[in-house]
**Q** 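Pasting a structure below so you can have a look.
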Amino acid sequence: MTIDLAFTEEEIALRETVARFAREEIAPVVAEMDEKEEFPRKTVARMKELGLFGVPIPEEYGGLGLGKVGYCLAAEELAKVDASHVAILGAHISLGTTPLLYFGTEEQKQRFLIPAARGERLMGFSLTEPGSGSDSGSLVTEAKPEGDFWILNGTKIYVTNGAEADQIVVMAANDVKRGPQGGITAFLVERGQKGFRVGRTEKKMGLHGTSTAELVFENCAVPKDQVIGEVGKGFVVAMTALDVGRVSLGAGSLGGMQGALQEALTYAQNRMQFDLPIVEHQAVQFKLANMAMHIHALRGMVYQAAAFQDRMGYDPRKWTRSDRMKKTRDSAIIKCLASEWASQAINDALQIHGGLGYIRGTPIERAYRDARISEIFEGTNEIQRIVVARDLIARGWVE
Ligand SMILES: Cc1cc2nc3c(=O)[nH]c(=O)nc-3n(C[C@H](O)[C@H](O)[C@H](O)COP(=O)(O)OP(=O)(O)OC[C@H]3O[C@@H](n4cnc5c(N)ncnc54)[C@H](O)[C@@H]3O)c2cc1C
C-alpha cells in the first residue's frame with residue numbers, strides 16, 4: 001500500500017496543480033534566477049495566486065485549509081524543480097505564520113495572519129544573531145517596555161525573506177539574564193516601522209533565489225499589541241515554529257532527492273561508455289537504488305509527522321506533554337536524516353553525471369549547492385542529534 005491512498009482528493013489536486021506550476025513556470029526561469037541571484041518575483045506572485053502561501057492555514061484565516069500534509073505536498077513538488085522557492089515558502093509559512101496561528105490573538109490573526117495566508121504580505125522569522133546561532137537562547141537584541149510600546153535595539157542576521165518581507169516575527173530579550181526561561185519575547189515587526197531597517201544582504205553558495213538579510217533595530221518602537229504569545233515565552237514560540245519547519249524541510253529534501261534521482265536516471269540511461277548506457281554498470285545502479293530507498297523511507301516519515309501535527313491541531317494549550325515531545329523529537333529526526341540523505345543523493349546524482357555535473361548551470365550542479373544549507377539552517381544537524389539524544393535520555397525510546 002502506498003501512502004497516496006491516505007491523501008484526500010483535495011490534497012491530490014493541490015499536488016497536481018503545484019507539480020504543473022513548477023514544471024511549466026518555475027523550471028524555465030530557474031537557471032537565470034540562480035545565475036543572476038534574483039528573488040523570483042514573478043513566480044512568487046503566481047504562488048500567491050495559487051494560494052500556496054496559505055496551504056496549511058484554516059480557511060477562516062484566509063488559507064486553503066489543507067493542513068501540514070497539504071503543505072508538505074506543495075513543498076515536495078516545488079522542490080523537485082527548485083529549492084529557493086521552497087525556502088521562500090518555508091520561511092513564510094512554517095516560521096512566519098505558525099507563531100500567529102498558534103499563539104496570536106484573534107485581533108492579530110485578523111490583522112496579520114489573513115493577509116499573510118492570502119500571500120498579500122510576505123513573512124520572515126528572525127532568531128539568529130551574530131553571537132547566537134545554535135545557542136539561540138543567548139540572544140541579546142534588547143526589548144524594553146516603555147508606555148504602550150516595546151523598544152527594540154540590536155542586530156539580527158541571516159533572515160530568509162529578510163529584504164522582501166512585509167512582516168517579520170522577531171525574537172528579542174525582555175530579560176537577557178533569564179534567556180530562554182522567561183527572558184525572550186516574540187514580536188511582530190512590520191516593514192517600514194520606524195527604527196527598523198534591512199542591513200546587508202548575503203551572497204551565498206546556493207539558494208540564489210532567496211533573500212538572506214541582516215535586520216537592524218535602533219530604538220524601534222513596537223506596539224504592545226504586537227507581542228505574539230506571552231511576554232517571556234518567545235523561545236517556546238520559536239521552537240514550535242521550528243518543529244513545523246523541520247518537517248516541511250524534510251518534504252523539501254524529499255522533493256530535491258526525487259528531482260536528482262530523475263536527472264541521474266535519465267542521464268544514466270542515455271550516456272554511453274564502454275559501449276553500454278552507464279546505467280548498466282552496477283556501481284551506478286547501486287547509487288540509484290540507494291536514492292530510491294531513502295526517498296521511500298523519507299516519504300513515510302514526512303507524511304506521518306505532518307499528519308501527526310495536523311491531528312494535534314493549532315491550540316498549544318490542548319497539547320499533551322508526550323505529544324509535544326514526540327512532535328519535537330520526530331521533527332528533529334526528519335530534519336537531520338532528510339538533509340543528510342538529500343546531500344548524499346544529490347552528490348551521487350552529480351557523480352553519475354561525471355564532469356557534466358560540475359559544469360555551472362546544470363540542474364544537478366545547482367541542486368548540489370542548494371542542498372547543503374539544509375544540514376545547517378533551522379538548527380544544525382548536530383543540534384538535532386542533541387534534541388533526539390535528550391529525548392531518549394528523558395523518555396527512552398517511545399513510539
Ligand atoms: C541561508 C541561510 C538562511 C537562514 N535563515 C534563517 C532565518 O530565516 N531565520 C533565522 O533566525 N536564522 C536563519 N539562519 C541561521 C541558521 O539557522 C544558523 O546559521 C544555524 O542555526 C547555525 O548557527 P550559526 O551559523 O551561528 O553556527 P554556530 O552555532 O556557530 O555553529 C557552528 C558549528 O558548531 C556546531 N555546534 C554549536 N553548538 C554545538 C553543540 N552544543 N554541540 C555540537 N556542535 C555544536 C554547529 O553544529 C556547527 O557545526 C539562516 C542561515 C543561512 C545560512
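Keep in mind that what you see is a predicted model, and the values were worked out from it rather than measured. Whatever order the structure lists ligands and atoms in, that order sets their numbers, starting from 1.
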**Q** Can we call the ring centroids of Tyr102 and Trp319 under 6.0 Å apart?
**A**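 Distance test on ring centres: under 6.0 Å, yes.
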
**Q** For residues 270-284, which residue pairs pass the side chain to side chain donor-acceptor pair (under 3.5 Å) check, not counting sequence neighbours?
**A**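 Matches after skipping sequence neighbours: none remain.
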
**Q** Taking ring-ring contact (aromatic ring centres under 6.0 Å, His included) as the definition, give me every residue that meets it alongside Phe103, ordered by chain and number, with sequence neighbours left out.
**A**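 Here no residue qualifies.
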
**Q** Can you list every pair where an N/O of ligand 1 is under 3.5 Å from an N/O on the protein?
**A**
residue: ligand 1; atom: 5 (N); partner: Tyr158; partner atom: O; Å: 2.8
residue: ligand 1; atom: 5 (N); partner: Thr160; partner atom: OG1; Å: 2.8
residue: ligand 1; atom: 8 (O); partner: Phe125; partner atom: O; Å: 3.4
residue: ligand 1; atom: 8 (O); partner: Thr160; partner atom: N; Å: 2.9
residue: ligand 1; atom: 8 (O); partner: Thr160; partner atom: OG1; Å: 3.3
residue: ligand 1; atom: 9 (N); partner: Phe125; partner atom: O; Å: 2.8
residue: ligand 1; atom: 11 (O); partner: Leu127; partner atom: N; Å: 2.8
residue: ligand 1; atom: 11 (O); partner: Thr128; partner atom: N; Å: 2.9
residue: ligand 1; atom: 11 (O); partner: Thr128; partner atom: OG1; Å: 3.2
residue: ligand 1; atom: 12 (N); partner: Thr128; partner atom: OG1; Å: 2.7
residue: ligand 1; atom: 14 (N); partner: Tyr158; partner atom: O; Å: 3.4
residue: ligand 1; atom: 29 (O); partner: Ser134; partner atom: N; Å: 2.8
residue: ligand 1; atom: 29 (O); partner: Ser134; partner atom: OG; Å: 2.6
residue: ligand 1; atom: 47 (O); partner: Thr380; partner atom: OG1; Å: 2.7
residue: ligand 1; atom: 47 (O); partner: Glu382; partner atom: OE1; Å: 2.8

**Q** Within a reach of under 6.0 Å around CD of Gln351, are more than 12 heavy atoms found that belong to other residues, nucleotides or ligands?
**A**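 No, not enclosed.
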
**Q** Among all residues two or more places apart in sequence or in another chain, which pass the salt bridge (charged side-chain N to carboxylate O under 4.0 Å, His left out) test with Glu214?
**A**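 For Glu214 there are no salt bridge (charged side-chain N to carboxylate O under 4.0 Å, His left out) partners, ignoring immediate neighbours.
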
**Q** Less than 4.5 Å apart, side chain to side chain, heavy atoms only: is that true for Lys42 and Val29?
**A**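 Contact flag for Lys42/Val29 side chains = no.
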
